[in-house]
Student: 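Mind looking over this structure? Questions follow.
Here is the naming used below: chain letters follow the sequence lines, and residue numbers restart at 1 for every chain.
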There are 2 protein chains.
Amino acid sequence: MYMERNQPDFGAAEWSLPTRCAACGVRMASLCGGISAAALDALNRIGRKRVLRRGEALIWQGDVADQVGILHHGLVKLSASLEDGREQMLGLAFPADFVGAIADRPSSHCVTALTDTELCVFPRSALPGIVEAHPDIGQALLSRAYDELDHMRRWMLLLGRKSAEERVASLLLQFAARGGCMAGAAVPLPLTRQQMAELLGLTIETVSRKLTAMKRDGVIALPDLRSFVIQDRAALSTIAAEYP
Amino acid sequence: MYMERNQPDFGAAEWSLPTRCAACGVRMASLCGGISAAALDALNRIGRKRVLRRGEALIWQGDVADQVGILHHGLVKLSASLEDGREQMLGLAFPADFVGAIADRPSSHCVTALTDTELCVFPRSALPGIVEAHPDIGQALLSRAYDELDHMRRWMLLLGRKSAEERVASLLLQFAARGGCMAGAAVPLPLTRQQMAELLGLTIETVSRKLTAMKRDGVIALPDLRSFVIQDRAALSTIAAEYP
DNA sequence: CGTCATCTTGAGCGAGGTCAATGATGGTGG
DNA sequence: CCACCATCATTGACCTCGCTCAAGATGACG
């Protein structure tokens, strides 16, 4: 991702973009993609780079967050916890994704870095003004919010009704779809078993057992701990109980 | 809710609002609340009333919905199903709530009336134009989308990590909060046991057993099938595993 | 007062959680 | 280069919670 920082030409010459945003590797895929040079310049002035080390949090559950961000590099989780420590991962944010809340009230969730991470952060208080001044950004936010609602609905179906094996298979299919890997190629697993369990509403032991079972049945292969290969996609889809 | 239709003055005289919207009992609480008379007039021309009988669907999972709506009267559920018939309720919509999607792709969920229902519906194709012409509506949609995301996050924590008893107690507390009932008063239960089970990711038998257990323990009373009384709010909150 | 839908209760079972021991992996410093 | 340690993953034994199946009870309504 970050190598693009050294890319000399990104269309910048034509628009005379401000330096930092012009060099941003995720800009075109993010909220800032379609906006004018003037709007980008305005953003450039209020945004700043922030680095999170693995495990560090950007937003805490229960706190009123003062920052929103656009992820540049790394992997971030959203999660919610109960007082006794039980934790449910609510989703992941990948580069170019927007994280943060709009409403001025305690956050329903935590935002935590799963790897060392770089984001472009803005004060939350600046959001209303930005949205008002740049309706494009407002519409992009709206469209992304509805995408996320859709995604969470599918996840609620998984959490409410799918068996452990169905959940694990669904997650593998989702990683495969995201990676856009060709058939037979190894798909990277961005999560540990423990993190997969948090995301699926299961325990680490159950995730491990189900992976082993699918490997034993020849549905997948596990060349190492951080990747897998789909050996029988039809079987995996059937196990996942998903429309193909 | 609907009695307000007969209310003679709703600020209408000052603005000369078009007849139908002026008489709308949920307007001020809905997306249409804060907009100008001209904007309202524009909406009035493209919106129309639609009645759903109990069990009838407005939007089907898998179809590209051509309508969005604002609920006037009645109760509506959002739900998602697996091919084999397992179903998870994703949420409820109450009067003044907006239902429908923005994106032009198959809907992730079903929208079905739980009671006889009246909505104001618009062609989905009109939405982008409306949002562009009336930024207030766009911002109201955005704010509601984030509210719904927050609500779904809390529900994902429930589905992923809470026990059956915790789930039932959480739902009762939510009904109590919604109704705004004073302590000791009977809170109406808008759902059957079966519907509560669908919403909580449980079976009807488990819901029934947990309700009976809480009644036996003096935490709640069940004067009839469609209401309950909180007899020990602290205990109910504790059971629900929720911050007070 | 009969009929149908809804709800409750019981008995038994099985998926997944818990607890515990063992095995792999990878980074670090001697 | 390798010994050491921390982290991560696997596997087994056991148990519990919630599901399934089945039978009654209650309530709504003509």
Side-chain angles (χ1 to χ4, degrees), chain A residues 53-55 75 77 82 84-89 114-116 158-172 188-217 220-228 239-241, chain B residues 54-55 82 84-88 114-116 158-172 186 188-217 220-228 239 241:
Chain A
R53 307 208 50 95
R54 184 159 71 98
L75 184 61
K77 74 169 177 180
L82 296 172
D84 62 14
R86 280 175 285 175
E87 177 171 343
Q88 176 64 44
M89 207 186 289
L114 292 180
T115 66
D116 290 351
L158 178 147
L159 291 177
R161 298 297 172 191
K162 283 192 182 179
S163 71
E165 185 156 56
E166 288 166 342
R167 293 183 201 201
V168 174
S170 299
L171 183 62
L172 294 184
L189 273 175
L191 302 181
T192 66
R193 303 288 190 266
Q194 178 61 52
Q195 288 161 354
M196 292 168 69
E198 282 172 32
L199 187 53
L200 294 170
L202 298 172
T203 59
I204 182 175
E205 294 95 331
T206 301
V207 171
S208 180
R209 276 187 253 267
K210 296 308 177 186
L211 284 173
T212 306
M214 287 194 279
K215 175 184 176 185
R216 172 176 42 72
D217 298 345
I220 59 169
L222 295 168
D224 61 85
L225 286 177
R226 286 315 198 92
S227 67
F228 70 99
I239 294 172
Chain B
R54 182 159 72 98
L82 297 171
D84 62 13
R86 279 174 287 174
E87 178 172 340
Q88 176 64 45
L114 291 180
T115 66
D116 291 351
L158 179 147
L159 291 177
R161 298 298 171 190
K162 285 193 181 180
S163 71
E165 186 156 56
E166 289 166 342
R167 295 183 199 202
V168 173
S170 298
L171 183 62
L172 294 184
L189 274 175
L191 303 180
T192 66
R193 303 287 191 266
Q194 178 61 52
Q195 289 160 353
M196 292 169 69
E198 282 172 31
L199 187 53
L200 294 171
L202 299 171
T203 60
I204 181 175
E205 294 96 328
T206 301
V207 172
S208 181
R209 275 188 253 267
K210 297 309 177 186
L211 283 173
T212 306
M214 288 194 277
K215 175 184 174 184
R216 171 175 42 74
D217 297 344
I220 59 169
L222 296 166
D224 61 84
L225 286 176
R226 286 313 198 92
S227 68
F228 70 101
I239 294 173

Student: With side chains defined as the heavy atoms from C-beta onward, is the minimum distance between K77(A) and L191(A) less than 4.5 Å?
Tutor: no
Student: How far does CG of L200(B) sit from CE of M196(B), to the nearest 0.5 angstrom?
Tutor: 6.5 Å
Student: So for atom CZ, which belongs to R54(B), do other residues, nucleotides or ligands contribute more than 12 heavy atoms lying within a distance under 6.0 Å?
Tutor: no
Student: Answer yes or no: is there a donor N or O on one side and an acceptor on the other, between the side chain of E165(B) and the main chain of I239(B), under 3.5 Å?
Tutor: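 The answer is no, because no donor-acceptor pair under 3.5 Å joins these two groups.
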Student: Are the side chain of Q88(A) and the backbone N or O of E198(A) linked by a donor-acceptor pair below 3.5 Å?
Tutor: yes
Student: Where does the chain B footprint on DNA chain D start and end, counting 5' to 3' with a 4.0 Å heavy-atom cut-off?
Tutor: dG18(D) to dC21(D)
Student: Taking atom P of dC7(C) as reference, at what distance in whole Å does atom CD of E198(B) sit?
Tutor: 12 Å
Student: Reading nucleotides 14-24 of chain C from the 5' end, what letters show protein touch, with B for base, S for backbone sugar-phosphate only, - for no heavy atom under 4.0 Å?
Tutor: --SSBB-----
Student: Which residues pass the salt bridge (Lys or Arg N to Asp or Glu O under 4.0 Å) test with D116(A), sequence neighbours left out?
Tutor: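 Partners of D116(A) by the salt bridge (Lys or Arg N to Asp or Glu O under 4.0 Å) criterion, ordered by chain and then number, come out as R53(A).
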Student: Starting at CZ of R161(A), measure out to CG of L202(B) and round the result to the nearest 0.5 Å.
Tutor: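 Spacing of CZ (R161(A)) from CG (L202(B)) equals 7.0 Å.
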Student: How does DNA chain D look in dot-bracket form if you count Watson-Crick and G-U pairs under 3.5 Å, write [ ] for pairs that cross, and put | where a base pairs with another strand?
Tutor: ||||||||||||||||||||||||||||||
Student: For E166(A), give me all partners under salt bridge (Lys or Arg N to Asp or Glu O under 4.0 Å), at least two apart in sequence or on another chain.
Tutor: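 Only R86(B) meet the salt bridge (Lys or Arg N to Asp or Glu O under 4.0 Å) criterion with E166(A).
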Student: Can you tell me how far C1' of dT8(C) sits from CG of L211(B), to the nearest Å?
Tutor: 11 Å
Student: Which atom pairs, one a donor and one an acceptor, fall under 3.5 Å between side chains of residues 203-215 of chain A and the rest of the protein, sequence neighbours left out?
Tutor:
from: T203(A); atom 1: OG1; to: T206(A); atom 2: N; distance (Å): 3.4
from: T203(A); atom 1: OG1; to: T206(A); atom 2: OG1; distance (Å): 3.0
from: T212(A); atom 1: OG1; to: S208(A); atom 2: O; distance (Å): 2.8

Student: Quick one: does K162(A)'s side chain get under 4.5 Å of L82(B)'s, heavy atoms only?
Tutor: yes
